[in-house]
Amino acid sequence: MRSRLLVVRLLAALLVTWPGLTFFGRRGQSSSDAVDALVKDVQALGSAGQDAANMASALLGGLQDSKLLADSSYDARRRVAKFKIAGGGAMGEFFPDLRIWLQVQLDKNLRISWEKARSGAVVLHFSGLSFAPLPGAQELYLKAGLDSFTCPSIKSVNQEEYYQCHLKKALVMEEFWKANRTLIPKNLQHQFAFIGDNTVISHLSEQLGHGFGWSMLLVLSAPPSTVETLEFSENGVRGTSIHDKNQAGAKLSAKHGFKDLSLNIARPLVGDTRFGGLVRSVGERIMPVACNFGILCSVGEPRWRSKGIRGADPKVVASLFRRRGTKGPNGEEGCLTWKSKKRRR
Ligand SMILES: *[C@@H]1O[C@H](CO)[C@@H](O)[C@H](O)[C@H]1NC(C)=O
């Protein structure tokens, strides 16, 4: 029974994922000078530094191309770069076919600082960078009736009870899909529908028990979170984040423990189970971007930190934050499309 549940959870995790110059803070510095100076300093920190510089350059280059960087500065002594985001903030949407269950959100001020640890790891600290649920996800959570009961927190019950309670929600979601598909926003229908369209996956999902419901539940339970650090080392890239109280869905997320649920689902992806290593190696081959995104978001969290689980592939991390339509130094395709918050409203 246990192993069957494990396989379900693991399948659900797969389903949901498938888818030189220095400056001292002078004002008015051009954004490309600030970006270049930051990237150059980080690049000089060895191979982990190179990986960190690639990520920073991918992110900031995409924002520059999208004319979103205003008023930039880099303070080399304090190792801090600051950027004002034009229009008061921006949203970065991942290419839908990647089936990533969150989007990127930038506040009006983006701050990136760096440090080199004694171990050789390079840590980028962020302020103003968040992950947000997909548009319509939390509205659908309410509309489908998932808010009508709350599951006990993972600390107060055993795995099995925790799992069974969330399974109930997965079933509610499956019924809603059957009866009310047209009430689901187009972007979320796209996120979900490919499971139904893929005979092999939908068959497996049926056999193993509601993988489809699980995958929908996970998308709808995406936790709003603020990215604090990305750590680059020989052991891959690990992210840490905290609950973002400022996002619209923060209360719902706290009430239903979205972060714990996501981390629980990610267990096999990060290799934290008997079969985890296998899932991870398969997942990384079939859907490298979404799989590495899941790894990036989980392995640095306190629950797993001390286990020394290998982090995400640095090349994939750089491509995640790269603007769609551009390619990285090794031909990696960019994944993000940026939209100014101002233009959206
Ligand atoms: C379908 O949507 C209607 C209106 O929101 C709701 O009353 C009904 O319970 C839903 N059906 C299912 C099976 O979720």
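Positions are given from 1, in the same order as the sequence printed here. Please read these numbers as outputs of a predicted model, since none were measured by experiment. Numbering of ligands and ligand atoms starts at 1, following listing order. Excluded from the calculations below are hydrogen atoms, water molecules and symmetry mates; all remaining heavy atoms, backbone and side chain alike, are included.
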- Item | For Leu183, atoms of ligand 1 separated by under 4.0 Å from a heavy atom | 2 (O)
- Task: Check whether any protein heavy atom sits under 4.0 Å from atom 9 (O) of ligand 1.
- Result: no
- Counting distance only, does the side-chain N/O of Ser66 pair as donor-acceptor with the main-chain N or O of Gly62 below 3.5 Å? yes
- Exercise: identify the closest heavy-atom pair between Ser130 and Asp244: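 Nearest heavy atoms, Ser130 then Asp244: OG-OD2, 3.2 Å.
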- Message: The test is side chain to side chain contact (heavy atoms under 4.5 Å, CB included); show your working for Leu217 and Tyr141 and say whether it passes.
- Response: CA-CA 8 Å; Leu217 179 64; Tyr141 193 95; 4.3 Å; yes
- Can you pull out the closest protein heavy atom to atom 14 (O) of ligand 1? Residue, atom name and distance to 0.1 Å, please.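 Its nearest protein heavy-atom neighbour is Phe176 CD1, 3.3 Å.
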- Task: Identify, for atom 1 (C) of ligand 1, the protein heavy atom at the shortest distance, and state residue, atom and that distance.
- Result: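 Closest protein heavy atom to atom 1 (C) of ligand 1: Asn180 ND2, 1.4 Å.
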- Task: Would you check whether Glu175 reaches within less than 4.0 Å of ligand 1, judged by its heavy atoms?
- Result: yes
For a quick test of your reading: what N or O donor-acceptor pairs under 3.5 Å do the side chains of residues 112-122 make, sequence neighbours left out?
from, atom 1, to, atom 2, distance (Å)
Trp114, NE1, Tyr74, OH, 3.0
Glu115, OE2, His125, NE2, 2.7
Lys116, NZ, Leu45, O, 3.2
Ser119, OG, Ala121, N, 3.3

- Item | Test item: side-chain donor near acceptor, Gln191 and Asn187, under 3.5 Å | no
